[in-house]
Amino acid sequence: MHDLRMVREHIDALRAGMRRRGANDALSTIDRAAELDKWRRETIQAVEERKAARNAISQQVGQRKRGGEAADDLQQQSRALGEEIARLDQELAKVESQLSSILLELPNITLDQVPAGGEENNSVVRSWGTPREGARVQPHWEIGTRLGLIDFERGAKISGSGFIVFRGLGARLVRSLMNLMLDVHTGDHSYEEIWVPVVVNRTSMTGTAQLPKFEEDMYALKDEDLFLIPTAEVPLTNLYRDEILAEGDLPKSFTAYSACFRREAGAAGKDTRGLLRVHEFDKIELVRYTTPETSGEQLELLTGHAEKILQLLELPYRVVRLASGDTGFASAHTYDLESYAPGVGKWLEVSSCSNFTDFQARRANIRYKPTEGGKPRFVHTLNGSGLAFPRIIASLLEHHQQEDGSVRVPAALSKYLGAERLS
RNA sequence: GGACAGGUGGCCGAGUGGUUGAAGGCACCGGUCUCGAAAACCGGCAUACCGGUGAACCCGGUAUCGAGAGUUCGAAUCUCUCCCUGUCCGCCA
């Protein structure tokens, strides 16, 4: 969320930011916000003037009554003022709620190093490993089914398409990935491990900016105003909602495993086979809270932490800097990590690492008190997947597939899995 | 799910419908004292918004005592609804 002051004092920068994203529909709402803000300030002046008058009268009434005098005339005046105040306050409330909906639906402005334009302007900033030639590699759904690791049909029967049953060594593979990633992040990268609720309230969803704009993408509970999380980012970033941290406590870093739930409402018909796009999946998430001065370097650090997992899994990947128009709503700078899956012949997005600057912190009201004193400031929040399981499993099954149809398990993982080969 | 008891400033904790933004204490900041520190003493110490010249300082105003609505000239204080916390009971992995 942007500060209303952006609209008032830096409207050109705001407009430029929207244009760089290609969010041209936002330009007119910004103008609308500027008008509403002007009206709002005028009305505040009018209403506060009346409130001041009423307060003064009420004091006089009090004085008279204590002296045993009547004050009917003053009470009459005050009542009249009260009616005007009620009317103005009501209009004001309406305008302020319009203003806040506008602010809540404007995306973040991307940082300078993010190129303008859409997906076509994404750029690979580095890569690791060599993608394997895919001519003789089966897609993961065939391997997974053949080896008895994944039961797509029964998943669909129990829940619907896009819900996956892992079984036997496949189930153990999921558990192994969870343990490997959490151990690396808590041990080597010093994150605090958190276990989070996967059901959260509307305020939390609004804090991280899934709401109000993307409500149709969320699974919602029927009888209560609660949602299934699409990522552990939501509970982790809301951990310190409405709190003030000490600068000395920053950066704070958290990691959590969670199940994630996505309706994929806008993606019907895309990636329907296999593990590429599912409604429920597992993921390890990384979240960091930092000062504004350090969030840039902290994004590099966090991205490196996610990359480390891909290296341990011996999976070739590339790091892609997203162009402004492809960057998520709340993010100011995003790197996607893409792992190559030779069986399906695609680079799979297995992690998305973002610096949200103060965009989420302002919504969730997460601040810190500077060491040198002064008013609390908003923290910067960052997060990244470290990593998402289904596409990693797809990549593992395809990239490490052997001539004999079995799958080699990388050393870092076999320790957890208790097997060096899936066959 | 039922029955009680509560929700006040960074924390603890007073508060009779009328200078209560809110006593007192703790914490914190500045000062006196001290070789230095502690103790003691003195002083300061909420936030947001609107306005006053652009920034700073400052000044004026408005709002905020879990949230919202109501009663009243006037609400932390009275009424209603909701949320949360605690205790007990029931149910349950």
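Letters go in sequence order (proteins before strands), and every chain restarts at 1. Nothing here was measured: the structure is a model prediction, and the numbers come from that model.
B:A93: no Watson-Crick or G-U partner with both key distances under 3.5 Å is found in any strand. Of the nucleotides present, B:G86 is the one that pairs with B:C4 by Watson-Crick or G-U wobble criteria, both distances under 3.5 Å. B:A48 is paired with B:U62 under the criterion used here, namely a Watson-Crick or G-U wobble arrangement in which both key atom distances are under 3.5 Å. B:A75: no Watson-Crick or G-U partner with both key distances under 3.5 Å is found in any strand. Judged by Watson-Crick or G-U wobble contacts below 3.5 Å, the nucleotide B:C57 has no partner. Nucleotide B:A39 has no partner under the Watson-Crick or G-U criteria, as no pair reaches both atom distances under 3.5 Å. When both pairing distances are held under 3.5 Å, B:G24 makes a Watson-Crick or G-U pair with B:C12.
Ranked by how close their nearest RNA chain B nucleotide is to the 5' end, A:Q75 and A:E96 are led by A:E96. Along RNA chain B, the nucleotide nearest to A:K51 and the one nearest to A:E9 differ in position, and the one closer to the 5' end is contacted by A:E9.
Nucleotides B:C80 and B:C12, compared at atom C1', are 31 Å apart to the nearest Å. Here, B:U47 and B:G10 have their C1' atoms 12 Å apart, quoted to the whole Å. Taking the P atoms as reference points, B:G30 lies 49 Å from B:C82, given to the whole Å. Using C1' as the reference atom, B:G54 and B:A39 are 49 Å apart when rounded to the nearest Å. For the C1' atoms, the distance from B:U8 to B:U77 is 11 Å, rounded to whole Å. Going from the P atom of B:C65 to that of B:A76 covers 7 Å, rounded to whole Å. Taking atom C1' in both B:G9 and B:G24, one finds a spacing of 13 Å when rounded to whole Å. Comparing B:A38 with B:A48, their C1' atoms sit 39 Å apart, to the nearest whole Å.
The residue A:N55 sits close only to the backbone: its heavy atoms come under 4.0 Å of sugar-phosphate atoms, none of a base. Here A:K65 lies in heavy-atom contact (under 4.0 Å) with a base. Heavy atoms of A:R202 sit nowhere under 4.0 angstrom from any nucleic acid atom.
The separation between A:Q77 atom CD and B:G74 atom P is 13 Å, rounded to whole Å. Here B:A69 presents its P atom at 10 Å from CG of A:D89, a figure rounded to the nearest Å. Separating the CD atom of A:Q59 from the P atom of B:U19 is a distance of 8 Å, rounded to the nearest angstrom. Look at CD on A:E84: it is 16 Å from P on B:U62, rounded to the nearest Å. Between the CD1 atom of A:I44 and the P atom of B:G51 there is a distance of 8 Å, given to the nearest Å. Taking atom CG of residue A:L88 and atom P of nucleotide B:A63, one finds them 14 Å apart after rounding to whole Å. The distance between atom CD of A:E224 and atom P of B:G1, rounded to the nearest whole Å, is 9 Å. Here the C1' atom of nucleotide B:A67 and the CG atom of A:D225 are 15 Å apart, to the nearest Å.
Annotation: A:R146, atom CZ; neighbour count of heavy atoms from other residues, nucleotides and ligands within 6.0 Å is above 12.
Checked against a 6.0 Å centroid threshold, the rings of A:F359 and A:H380 do not count as neighbours. Two rings, from A:F227 and A:F261, have their centers 6.0 Å or more apart.
A donor-acceptor contact closer than 3.5 angstrom links the side chains of A:E300 and A:Y335.
Remark: A:R288 qualifies as a cation-pi partner of A:Y191 under the 6.0 Å distance and 45° angle criteria applied to the six-membered ring.
Closest contact between the side chain of A:R5 and the listed nucleotides B:G51, B:G74, B:C49 involves B:C49. Among B:C73, B:C49, B:G61, the nucleotide with an atom closest to any side-chain atom of A:A52 is B:G61. Residue A:R40 has its side chain nearest to B:C49 when only B:C49, B:U62, B:C73 are considered.
Using the six-membered ring where Trp is involved, A:F163 and A:H279 have ring planes that are tilted, between 30° and 60° apart.
Using a cutoff of 4.0 Å between basic side-chain nitrogens and carboxylate oxygens, A:R32 and A:E35 are scored as salt-bridged.
Residue A:R54 has no polar side-chain atom (N or O) positioned under 4.0 Å from OP1 or OP2 of B:U72. Note on A:R41: a side-chain N or O is less than 4.0 Å away from OP1 or OP2 of B:G51.
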